[in-house]
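Convention: sequence-line order gives letters A, B, ...; per-chain numbering from 1.
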There are 2 protein chains.
Amino acid sequence: MPKKSTSHPSPQDIKVAVDNCIFTVSDGELRILLIQMKKKPYTGMWALPGGLVQMRESLDTAAARILEEETGVRGVYLEQLYTFGDPKRDTLGRVVSVAYVALIPSSGIKLRTIDKYADVRWWPFRQLPKLAYDHNSIAAYAKRRLQWKLEYTNVAWSLLPPKFTLTELQEVYEVILGRKIDKRNFRKKILGLKLIHAIGEKTTSGAYRPAMLYRFWSKHPAIIKIL
Amino acid sequence: MPKKSTSHPSPQDIKVAVDNCIFTVSDGELRILLIQMKKKPYTGMWALPGGLVQMRESLDTAAARILEEETGVRGVYLEQLYTFGDPKRDTLGRVVSVAYVALIPSSGIKLRTIDKYADVRWWPFRQLPKLAYDHNSIAAYAKRRLQWKLEYTNVAWSLLPPKFTLTELQEVYEVILGRKIDKRNFRKKILGLKLIHAIGEKTTSGAYRPAMLYRFWSKHPAIIKIL
DNA sequence: CCAAAAGTGTTAACGCTACACCCATGT
DNA sequence: ACATGGGTGTAGCGTTAACACTTTTGG
């Protein structure tokens, strides 16, 4: 950017990072994955898992790589959220962070502990601690986007295992949107959209009356008014 | 990012740029502002106006600065769109581009010619040339976002002068959404939303029957189902 | 008086919301 | 038999979509 009237533009030296907001729903709570930092200025603080983008990888690839390093998960829903670039968001130097949202099913995820971090845990979104950097803002923004996506697209399926009951699906909506939904209206609406179909089976393990299991026809993203 | 099994992560050296998709509606067409490049590898090609982020400015500030440098416009609608980071999007080196969308009213904009570029022009969106970098993709994405925003928020007011007729407003919708809208339903809907109000005046200049002029109550962004 | 754009209501279809009871199973 | 979650239908209301003629002005 030559010829500005303002003070000399110093040569650009900016790092580009990716930070992931990894959501799941379990035990009736929206949860987000946080790591506890070891590194110097934020030791002991919790933060979103992230890292610098490598020279030869795209942003999407970087997000997927970091997601896999932290959780061992691959092939899940992963979408760019927003890019945060306040000059003072990192005290050590200028870092622009491209935030991503990942959605993973609650069932059977082994968190991979990695010695880069002191700890890795699922935190109930309602009770987040104070996070490093501007990560509280990023997480808040991610939740708003998730709420929107849930109402207007079919992403909900990314939060469920391949086979699920309608009650489980409804719980995902209720937990994330933060309100009760009428059971009959919900089922009518969802089944009317023809995005899922009952497979013959029923739940076996549970107590009381078994529930029908459903599967979704396609995981391809679609924009459809749901609620 | 220590301990990767893959080849040594080379030290990060990435430039961060901002590119603006500046839209307006005039003469019944959606138009976008393009600049013609002088610089070495893309000489003569058209591209989105953009530039490198300075060390001490935020991304939003950079976008606003570049917008003003190119057009002289200030205080218009400006929103971050998406960040494009394919490693090969710029042949000269690794550049991550944060794209912004700006909306400006068609009336009375003097394009400031700047000797950094060979030319600056409004292009009808329907007939874009092949652009430098990945700017065709960026522009296409920006248009999709604009279409969505028009239907679900009050951004349309950013494309109109302070006083406007309902026909002008409807034209903005028709041009951007690419479909005809029923005049009576449109007026009923828009007036019912209570976002605009008739001021006493009528159009003077035009031939034929004068139209009522309207003004919007507030330009604050709002999310409201419009169409 | 003619051309051109401005302005104005009604009806039918559809979608959304609210609401309460019986069913299948395990203990 | 009972406790627990699974499963089902209808009626009222509001919103949307389709549709055509009269009014005002300039030439």
Can you check the [X] [atom1] to [N] [atom2] distance for me, whole Å?
X        : N      : atom1 : atom2 : result
B:Tyr208 : C:dC2  : OH    : P     : 15 Å
B:Glu171 : C:dA6  : CD    : C1'   : 15 Å
A:Ile226 : C:dC16 : CD1   : C1'   : 15 Å
A:Leu213 : D:dG6  : CG    : P     : 12 Å
A:Leu166 : D:dG6  : CG    : P     : 10 Å
A:Glu201 : D:dG6  : CD    : P     : 17 Å
A:Gln170 : D:dG6  : CD    : C1'   : 11 Å

Gap separating the CG atom of A:Leu150 from the OG1 atom of A:Thr153, nearest 0.5 angstrom: 7.0 Å

If you look at every strand shown and take non-hydrogen atoms under 4.0 Å, does B:Thr167 touch a base, only sugar-phosphate, or nothing? sugar-phosphate

Taking atom types as they are modelled, is there a donor-acceptor pair under 3.5 Å from the base of D:dT4 to the side chain of A:Arg209? no

Sorted by number, the residues of residues 177-193 of chain B with heavy-atom contact under 4.0 Å to DNA chain D: B:Asp182, B:Arg184, B:Asn185, B:Lys188, B:Lys189

Between the side chains of [X] and [Y], does any donor sit under 3.5 Å from an acceptor?
X        : Y        : result
A:Glu171 : A:Tyr173 : no
A:Thr83  : B:Thr83  : yes
B:Glu151 : B:Gln147 : no

Evaluate the criterion side chain to side chain donor-acceptor pair (under 3.5 Å) for residue pair B:Asp19 and B:Ser97; output intermediate values, then yes/no. CA-CA 7 Å; B:Asp19 288 308; B:Ser97 166; 2.6 Å; yes

Ring-face cation contact, A:Trp123 with A:Arg121, 6.0 Å cut, 45° max: yes

Pairwise 5' ranking along DNA chain C for B:Pro210 and A:Lys225, keeping only the more 5' one: B:Pro210

